[in-house]
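One structure is given below, encoded as structure tokens.
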Amino acid sequence: MSLSLSAEDPTVPGDATDGTWLECIDCGETFAPFADVRYTCDDCEGLLEVRYADFPTFDDFEGEGVWRYADALPLESGVSIREGATPLYEVPRLEDEIGVETLRIKHEGMNPTGSFKDRGMTVGVAVARELGVDRLACASTGNTSAALAAYGSRGGMETLVLLPAGKVAAGKVAQASLHGARILEVDGNFDACLDIVQELAIQGEAYLLNSLNPFRLEGQKTIGLEILEAFREDYGAVPDRIVLPVGNAGNTAALYKAFRELVQAGELEPAAVPKLTGVQAEGAAPMVEAIENGADEVRRWDDVETRATAIRIGNPVNAPKALPGIRETDGTAISVSDEEITDAQRALAGEGIGVEPASAASVAGLRKLRAEGIVGSDERVACLTTGHLLKDPDAAAAAGNDPEPVPADTDGVLERLADGNSSDR
Ligand code: F0G
């Protein structure tokens, strides 16, 4: 079964509940959505997607935030802390410098826990409640753990998070900690943490809320719906391209699913679908490798390293959903160096937008693709910035100006000011 952009109506299987079901993207097997806990296909272990008999149009949406799009989601309401409805900033200086017709920044760092993960958790934790599970778990480079801890505690459920020891930014650990998650620091990288959590989930020890969970990606679809609605309103057309950082490729998969559903609803012509453009750090770029080589599968990288710890991932589990998304939309993928990421982080900060390193990868990637002529000067582009600056205060401080010590008197301060700006920025 291919994940293509098609306007054909889906065949509704017998196990659908209220027009909603789970379907394997590999073999097409279908399952009732909330009957049992299941993350992959019983028959072939392929990834599952939530499917619907009917697709809403833009006119059907009302309200604000993720639940504005309830008609496109598996439940009518969730465990909510007012997620979504994030700003889509104009950045005139950066737009000029990069040289595109329009550049807007969708800042997902403005969600309640400071990342896009909240959109997935408001749905995923609600489904967990529906399924009657009591312990929720995830592996995380940090943001998923912060969101799971917050939404789990809001929903009154126990939370367990597995983090790669020493590789999670301070703000994220602090969030998971204060929101009451049990935190296990694993002597291994994120991919090892996910292997373990998947095992725990299969053994029934906890409900898995990584992006392998198809319900979480439903919530993350709403990033795409918000961007498209805003562009239609402001420019009368959807963006030509959406550029985003890629780790597990969950967002890439989720955005592509939103586009496919809009095509099925008759709201979007296949040719008008924005080009999905993924950006990875050079030290953790297995998706980029697969796109460059035209490969059908992604090779797992065992050794990954980058300053953008949120996307320090060598085994993008949603690749089977995301690769067709990049290809079918005529998009691409590119890797950027840590230096390029930090430069982009500073450029965004210069427009008043504070993001963590992984988020800046989108802008760094766009800059590079524009310089290489792959992105045209006539394009209207939305870049996703996925997490807030305060998530990783150490990276921000390292990228920014150094504080200057001064004595506690005005003359001393004036003297220092007369010396000019001694920062090495
Ligand atoms: N940006 C940030 C800030 C992230 O935290 C993540 C993923 C990504 C981008 C990549 O998104 O996986 O959908 O391609 N963070 C996960 C976590 C892995 O555990 O917080 P993706």
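Heavy atoms only: backbone and side chains are in, while hydrogens, waters and symmetry mates are out. Atoms within each ligand, like the ligands themselves, are counted from 1 in listed order.
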Taking only non-hydrogen atoms of N248 and a 4.0 Å limit, the atoms of ligand 1 in range are 12 (O), 14 (O), 18 (C), 21 (P)

Ligand-side contact atoms (ligand 1) for residue partner K117, heavy atom cut-off under 4.0 Å: 5 (O), 6 (C), 7 (C), 15 (N), 16 (C), 17 (C), 18 (C), 20 (O)

Can you list the atoms of ligand 1 that are under 4.0 Å from a heavy atom of I311? 8 (C), 9 (C), 10 (C)

Determine, considering heavy atoms only, which of G120, G114, A322, G247 sits nearest to atom 10 (C) of ligand 1. G247

Under 4.0 Å from a heavy atom of V246: give me the atoms of ligand 1 that qualify, with their elements. 14 (O)

What are the atoms of ligand 1, with element, lying closer than 4.0 Å to any heavy atom of T141? 15 (N), 16 (C), 17 (C), 18 (C), 19 (O), 20 (O)

Tell me whether the count of non-hydrogen atoms from other residues, nucleotides or ligands lying under 6.0 Å of CG in N293 goes above 12. yes

Heavy-atom nearest neighbour in the protein, as seen from atom 4 (C) of ligand 1, with distance rounded to 0.1 Å: A310 CB, 3.6 Å

If you measure from each heavy atom of I313 to ligand 1, is any distance below 4.0 Å? yes

For E95 and T102, run side-chain contact (heavy atoms from CB on, under 4.5 Å): C-alpha distance rounded to whole Å, both residues' side-chain angles, the deciding distance at 0.1 Å, then the answer. CA-CA 6 Å; E95 181 181 88; T102 302; 4.1 Å; yes

Answer yes or no: does atom CG of L178 have more than 12 heavy-atom neighbours from other residues, nucleotides or ligands under 6.0 Å? no

Among all protein heavy atoms, pick out the one at the shortest distance from atom 13 (O) of ligand 1; state its residue, atom name and that distance to 0.1 Å. N251 N, 2.9 Å

Hey, are E261 and K257 close enough for a salt bridge, meaning a charged N less than 4.0 Å from a carboxylate O? yes

My understanding is that only residues two or more places apart in sequence, or in another chain, count here; which of them pass salt bridge (Lys or Arg N to Asp or Glu O under 4.0 Å) with E108? R119

T144 neighbourhood, listing ligand 1 atoms whose heavy-atom distance to it stays under 4.0 Å: 16 (C), 17 (C), 19 (O), 20 (O)

Considering only protein heavy atoms, which is closest to atom 11 (O) of ligand 1, and at what distance to one decimal place? F116 CZ, 3.6 Å

Would E305 and K167 satisfy salt bridge (Lys or Arg N to Asp or Glu O under 4.0 Å), going step by step from the backbone distance to the final call? CA-CA 10 Å; E305 203 48 84; K167 294 293 182 182; 3.3 Å; yes

Under 4.0 Å to a heavy atom of T386 - the qualifying atoms of ligand 1, by number: 1 (N), 2 (C), 3 (C), 9 (C)

Could you tell me if W67 and E76 have a donor-acceptor pair between their side chains, going purely by distance under 3.5 Å? no

Heavy-atom pairs closer than 4.0 Å: do any link ligand 1 to the side chain of E356, the backbone, both, or neither? side chain

Using distance alone, decide if ligand 1 has a nitrogen or oxygen within less than 3.5 Å of any nitrogen or oxygen in A249. yes

Quick check on S211 - does any of its heavy atoms sit under 4.0 Å from an atom of ligand 1? no

Test: R232 cationic atom under 6.0 Å from Y235 six-membered ring centre, within 45° of axis: no

For N143 and K391, which I'm curious about, is there any donor-acceptor pair between the side chains at under 3.5 Å? yes

Below 4.0 Å, non-hydrogen atoms only: which portion of S140 touches ligand 1? Side chain, backbone, both or neither. both

When the ring planes of F215 and F34 are compared, do they come out parallel, tilted or perpendicular, using 30° and 60° as the limits? parallel

Can a donor-acceptor pair be found between the side chains of N111 and E83 at a distance below 3.5 Å? no

Under 4.0 Å from one or more heavy atoms of N143, ligand 1 contributes atoms 2 (C), 3 (C), 4 (C), 5 (O), 20 (O)

